[in-house]
Amino acid sequence: MAAVAAIPVARDEEPAALLRPLSSGTQGAQGPIDPGPPASSQHEPRKIESPEQTPLVGDFYACEGCGAQNPTAASFCRNCGQNLNLRQRPVNTRISCGHCGQATPAGFMYCQHCGNRILPETAARSPVASRSNEPAKLSPQPPVVKSGPPARPVGDGPTNRDKNGLRGRFVVVRRDGGDGENLPLSGEVCDLGRSTHRCLADDPFLASRHVRISWAVGGVKVRPLDTVNGVFWQLREPYELLSGDVFFVGRELIRFELLSGDERDLPSVSEQGVRVLGSAPRESWGRLRQLTTAAVNRDIWHLSRPEIVLGREEGDIVFPDDEFLSRRHALLSRVGGKVRLEDQNSSNGTYVRLRGDREIGPGDILRLGEQVLRYEP
């Protein structure tokens, strides 16, 4: 009569007879049976390759003894050998997104809800189980006792954050005016630049870390880190210009300069005893320099009127080839010895380069290189 191969059963139910290996002379129906490796101690768990080496796909069962994940067709735990006839209900592993807190199936690189990348360390410590309709058989857990003062609501001071540690976000504004990718802000300090976010990586005008965001009572504080191209803020009210300030209108980058006393009152010049012929000089109080990507000046305009309008079709200084300029875009005015720059309800706005740290609030817009970002708490 042919010998029957031993059938594995649960470790705590295996009889001693079934643990004895067959002798090398035992014959099976198809010939000699390989005795296999020598039997180990009854209490020693079987050694198998780790779940990381053989990942599971689809539904799986969790062993009640050791918690290892097993395929639905398995009868015994592949880690400890325990009988899986009394199985738990199948669960699908899901990962909690570190940005929005929503659950996404394991193995996804980006959250299905907010589109942000799921960080490996967040996925490792935030498993979420999606259960079927079958009632769960869970061991009772002790109640969680919460202590301390209640959390502040979002927008209430510099220590405020939501349940995921987020303190607002920047939204990328596309060329068509629509919203693009979200850049969530978390931690005490957050940097933005070519090396920090994938959507910023291809902008050659950005530094590796271009701007630093920290927290202030009324919103966030912006600190430029790049000294080449700087950070620009969109005007929401008239802005007082200082000599050397740089601003954007459309795609035109312009530097404002006040004239010194020697430049304002130029005397007439004579050469070889002959007075030089020319246009009568007008008293100017400032000038504008057009800056180019070649790091040289192109056009220079001297300012003599109390108000100077810049635009695409109307004004004292026009740029007819700049499609990003409005017909009447910005106004430069001199009042009481002070010079103000004011946007004229243009479509794309007027931006001034920040001199240093600046606090911004909800809805404020920054320009970094070719990127336009809107802050939302």
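Just so it is clear, the values below take in all heavy atoms, side chains as well, and ignore hydrogens, waters and symmetry mates.
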Should E370 and R175 be marked as a side chain to side chain contact (heavy atoms under 4.5 Å, CB included) after you check the CA-CA gap, both sets of side-chain angles, and the distance that decides it?
CA-CA 10 Å; E370 291 290 324; R175 290 286 181 88; 3.3 Å; yes
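- Here CG of L242 is found 13.0 Å from CD of E257. Values are rounded to the nearest 0.5 Å.
- With a 6.0 Å radius and a threshold of 12 heavy atoms from other residues, nucleotides or ligands, R355 has its CZ atom above the threshold.
- V231 is connected to Y239 through a chain of hydrophobic side-chain contacts under 4.5 Å among Ile, Leu, Val, Met, Phe, Trp and Tyr, so both are in one cluster.
- Using a distance-only test at 3.5 Å, with no hydrogens or angles considered, no donor-acceptor pair links the side chain of W285 to the main chain of L258.
- With sequence neighbours left out, the side-chain contact (heavy atoms from CB on, under 4.5 Å) criterion links V318 to P320.
- Looking only at distances, no side-chain donor or acceptor of R289 sits under 3.5 Å from a matching main-chain atom of N297.
- In terms of modelled atom types and a separation under 3.5 Å, the side chain of R367 and the main chain of F232 share no donor-acceptor contact.
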Is there a side chain to side chain contact (heavy atoms under 4.5 Å, CB included) between D343 and H329 once you walk through the steps?
CA-CA 6 Å; D343 186 72; H329 197 102; 4.0 Å; yes
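- Residues I317 and I254 are not in side-chain contact: their nearest non-hydrogen atoms beyond the backbone lie 4.5 Å or more apart.
- The nearest pair of heavy atoms linking V189 to W215 is N-NE1, 4.2 Å.
- Using modelled atom types, one side-chain atom of D226 and one backbone atom of V228 make a donor-acceptor pair closer than 3.5 Å.
- The minimum heavy-atom distance between T350 and A330, with the atom names listed, is OG1-CB, 3.9 Å.
- Not one N or O on the side chain of S347 forms a donor-acceptor pair closer than 3.5 Å with the backbone of S326.
- Under the 4.5 Å side-chain criterion, counting only non-hydrogen atoms from C-beta, V211 is not in contact with L225.
- L235 CG to F247 CZ: the interatomic distance, rounded to the nearest 0.5 Å, is 9.5 Å.
- Between S346 atom OG and Q234 atom CD the span is 7.0 Å, to the nearest 0.5 Å.
- Scanning for salt bridge (charged side-chain N to carboxylate O under 4.0 Å, His left out) contacts around R275 gives an empty result, with sequence neighbours left out.
- In this structure, D203 contributes its side chain and L200 its backbone to no donor-acceptor pair below 3.5 Å.
- By the 4.5 Å heavy-atom criterion applied to side chains, Q290 and F319 are counted as neighbours.
- Hydrophobic clustering, with ILVMFWY side chains joined whenever heavy atoms are under 4.5 angstrom apart, groups L354 together with L341.
- The main-chain N or O of D179 is found under 3.5 Å from a side-chain atom of R174 such that the two form a donor-acceptor pair.
- For the pair G363 and R236, the tightest heavy-atom approach, listed with the atom from each and the gap, is C-NH1, 3.9 Å.
- Between the side chain of N229 and the main chain of F205, a donor-acceptor pair closer than 3.5 Å is present.
- Note: the hydrophobic cluster containing V172 also contains V220 (ILVMFWY, side chain heavy atoms under 4.5 Å, direct or indirect links).
- With hydrogens and angles disregarded, no donor-acceptor distance shorter than 3.5 Å links the side chain of H302 to the backbone of L288.
- Two residues are said to be in side-chain contact when any heavy atoms from C-beta on lie closer than 4.5 Å; N348 and V372 fail this criterion.
- Hydrophobic clustering keeps I213 apart from I365 (ILVMFWY residues linked when any side-chain heavy atoms are closer than 4.5 Å, directly or through intermediates).
- In this structure, E342 and L332 have side chains that are not in contact, with every pair of non-hydrogen atoms separated by 4.5 Å or more.
- Because its NZ or CZ atom is both nearer than 6.0 Å to the ring centre of F324 and within 45° of the ring axis, R251 counts as a cation-pi partner of that residue.
- L373 CG to R169 CZ: the interatomic distance, rounded to the nearest 0.5 Å, is 12.5 Å.
- Between D245 and E240, the shortest heavy-atom distance links the atoms OD2-O, 4.2 Å.
- The hydrophobic clustering, which links ILVMFWY residues whose side-chain heavy atoms are closer than 4.5 Å, places I360 and L192 together.
- Here the shortest heavy-atom pairing between P224 and G356 reads CD-O, 3.6 Å.
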Can W233 and D364 be said to form a side chain to side chain contact (heavy atoms under 4.5 Å, CB included), step by step?
CA-CA 8 Å; W233 170 71; D364 276 351; 3.7 Å; yes
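- Within a 6.0 Å radius of CZ in R287, other residues, nucleotides and ligands contribute more than 12 heavy atoms.
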Would L366 and F170 count as a side chain to side chain contact (heavy atoms under 4.5 Å, CB included) if you check the C-alpha gap in whole Å, the side-chain angles of each, and the deciding distance to 0.1 Å?
CA-CA 9 Å; L366 299 180; F170 276 105; 4.0 Å; yes
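- A donor-acceptor pair under 3.5 Å links the side-chain atoms of H210 to the main chain of G230, judged by distance alone.
- Taking both residues in full, the closest heavy atoms of R353 and T227 are given as NH2-O, 3.3 Å, listed atom of the first, atom of the second, then distance.
- Here the side chains of L183 and C199 are in contact, with some heavy-atom distance below 4.5 Å.
- Atom CZ of R358 is surrounded by more than 12 heavy atoms from other residues, nucleotides or ligands within 6.0 Å.
- To the nearest 0.5 angstrom, L206 atom CG is 6.0 Å from L368 atom CG.
- Atom CG in L185 sits 10.5 Å away from atom CD in E376 (nearest 0.5 Å).
- Under the ring-ring contact (aromatic ring centres under 6.0 Å, His included) criterion, F256 pairs with no residue at all, not counting sequence neighbours.
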